[in-house]
Each structure stands twice: as structure tokens, then as C-alpha cells.
Amino acid sequence: MTVYGVGLGPGEADLVTVRGKRVLDAVDTVYSPGRLSRSVAREYVPESALGDLDFPMTRDPEQLRTAWRTAADVVADAAADGDVAFVTLGDPNVYSTFGHLRRTLSAFHPGVDVEVVPGVSAVTAFATALGVEIEAGTGLSLREAADGAAPTGPDRMILFKVTDAVATDEKLTAAGYDVRYGRRLFMEQGETVVTSDPTDVAERDYYTLAYAEKRGIERDLATAEFDDAGTERSA
Ligand SMILES: C[S@@+](CC[C@H](N)C(=O)[O-])C[C@H]1O[C@@H](n2cnc3c(N)ncnc32)[C@H](O)[C@@H]1O
């Protein structure tokens, strides 16, 4: 039997993919690592099909290893009798708890088949939510910026885990970046915020990201000179 890692997308239930929904309909048990992913899954599966896994709120590697070992045992047990899904927000292979499960299963239950159903990741959903276009020919780097961190270097960066937006903003602005923030994008729970003012997202909320772009980068696009009225500015 198979363990499916199913990406649920950023949080609105209708952004679950058709394939993701099909798998959730078909499996016997659905496990989730947290409250938000559980509530999205709940839109597609009855409460009775949701399994329980216990994840401690800790960064202690020993406690985490033990918790994942137990979780993998539970999931492998269930997969002996039927197909199961482990759901995560976004995509299961992008900064996701699913990686821990996959590694632990592969170490202790190598006979269990694992398949991944990709999901709409915040890495791509941010662009629509923040009104950003990543043009062909340009680069985009993914970084973490927790606790006021401010990585620099690339022209364009998406920053996850922005937990002190004000401190991050100060440093990035000084380093020559324009920054926009997105909180709880395409999410049913909590308030969605899109802003360039870091004080709007000063309160700590894990589901906050930022897009940072170096000021003054060149745009070499055939259509860049058209304005919204359809006239060619340079004509
Ligand atoms: C551990 S990563 C998980 C990423 C997820 N697997 C994905 O593919 O989108 C969590 C970080 O992603 C960002 N994030 C995920 N979903 C988000 C959303 N709906 N709105 C804003 N930020 C989000 C936040 O920066 C958060 O701290």
C-alpha cells in the first residue's frame, strides 16, 4: 500500500489540486502535521478518516527524532492495511514537514511505497498575491528570514518565516532592496495582509513572507514600454 504526501496549496480549499482531491477521496486515513492543514483536509475528508499524530513544539533534535520515529511507525502501520495520505500546506517537497516523514519511513520502513502529489506552493502563489511578475530571463532565490534576519545578494528573493518584519525591513532597505510583505496569502484562516509597510505585519505570525527586489534593476522586455492605456511610451 502507499503513503501519499499531498500538497494542499496555501490554505484555501479550492486551491487543492484535482489530483490531490482524488487521492484524499481514495485513501483510508489522512494524517496532518498541524491545525491549518487539518482544517483544509477536513473540507474533503470526514473527521472519522483523520488520523492523529503528535508533534512536539520543540527544536530539540533528539525529541524531534523520537516524534518522527513514532509518527513513521503509526503511518507505516496504517499503510500495511490501506492507502494513507500525509498532507502539508503548500508543496510537500518545499520546506515541509513531509521531508522528515519520508526520510524516517525510508530508514525504518523501507518497504513502504511513497508517492508525492505536488501542491501550489507559497513560492509561486506569492507572485499573484503580491502582484509581482518574475519575468523570463530573471532569477528568483528562496531564503529564510526568521527573527529579523535579512539575507542579501540576489536581485530578487522570496523570504520565508519572516517573524520580525520591522528588523528585516530596516536591513534590507539599507542594503538597497524594495520589500513587500504577504501574510496568510490564499488562506481561509486569519487575515490576509499584503503591504509594503513592515509595521502592518510587525506582530509575529509564522505565515508571513516577503519579496525583496534590488532597487533599480534593469528590465529588458519587448513589452515593458507599453502603459496600461495600450500606448507605446517611447513612440
Ligand atoms: C515551512 S514553510 C512551508 C512552505 C510550504 N511547504 C509551501 O510550499 O508553501 C513555511 C513558510 O512558508 C511561508 N508561507 C507558507 N504558506 C504561506 C501563506 N499562505 N501565506 C504567506 N506565507 C506562507 C511563510 O513564510 C512560512 O513561514
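Ligands are counted one by one from 1 in listed order, and the atoms in each one are counted from 1 as well. Keep in mind that the numbers below use all heavy atoms, side chains included, and drop hydrogens, waters and symmetry copies.
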Determine whether the side chains of Asp91 and Ser121 contain a donor N or O and an acceptor N or O closer than 3.5 Å.
no

Is it true that atom CZ of Arg103 has more than 12 heavy atoms of other residues, nucleotides or ligands lying nearer than 6.0 Å?
yes

Is Arg156 paired with Glu135 through a side-chain N to carboxylate O contact shorter than 4.0 Å?
yes

Ignoring hydrogens and angles, state whether a donor on the side chain of Thr58 or Asp60 is under 3.5 Å from an acceptor on the partner side chain.
no

N or O contact, Thr208 vs ligand 1, cut-off under 3.5 Å
yes

Is the closest basic N to carboxylate O distance between Glu47 and Arg38 below 4.0 Å?
yes

Only one of Leu159, Val123, Leu142, Leu185 passes side chain to side chain contact (heavy atoms under 4.5 Å, CB included) with Leu209, and that residue is Leu185

Could you list the atoms of ligand 1 found under 4.0 angstrom from a heavy atom of Pro10?
19 (N)

Using the rule ring pair (Phe, Tyr, Trp, His ring centres under 6.0 Å), only one of Tyr211, Tyr207, Phe186 pairs with Phe126; which is it?
Tyr211

Check ligand 1 against Asp91 and write out every atom of the ligand that is under 4.0 Å from a heavy-atom position of the residue.
6 (N), 7 (C), 8 (O)

Distance under 4.0 Å to a non-hydrogen atom of Val94: what atoms of ligand 1 satisfy this?
3 (C), 4 (C), 5 (C), 6 (N), 8 (O)

Before signing off on this row, confirm whether Leu89 and ligand 1 have an N or O atom pair separated by under 3.5 Å.
yes

Atom 1 (C) of ligand 1: which protein heavy atom is closest, and how many Å away?
Tyr95 O, 2.8 Å

We want to know whether Gln189 and Ser39 form a side-chain donor-acceptor pair, criterion being a heavy-atom distance below 3.5 angstrom.
yes

Tell me which part of Met187 gets within contact of ligand 1: side chain, backbone, both or neither, using heavy atoms under 4.0 Å.
side chain

Ligand 1 atoms nearer than 4.0 angstrom to some heavy atom of Arg184 are 20 (N), 21 (C)

Does any N or O atom in Leu185 lie less than 3.5 angstrom from one in ligand 1, N or O only?
yes

Backbone or side-chain N or O of Leu159 under 3.5 Å from ligand 1 N or O:
no

Going by heavy atoms, is Tyr206 under 4.0 Å from ligand 1?
yes

How does Thr88 reach ligand 1, by side chain, by backbone, by both or by neither, if only non-hydrogen atoms under 4.0 Å count?
neither

Please list, in number order, the atoms of ligand 1 under 4.0 Å from a heavy atom of Tyr207.
16 (N), 20 (N), 21 (C), 22 (N)

shortest atom 23 (C) of ligand 1-to-protein heavy-atom contact is with Ala122 CB, 3.9 Å

Assess the pair Phe86 and Tyr4: is the distance between their ring centroids shorter than 6.0 Å?
no

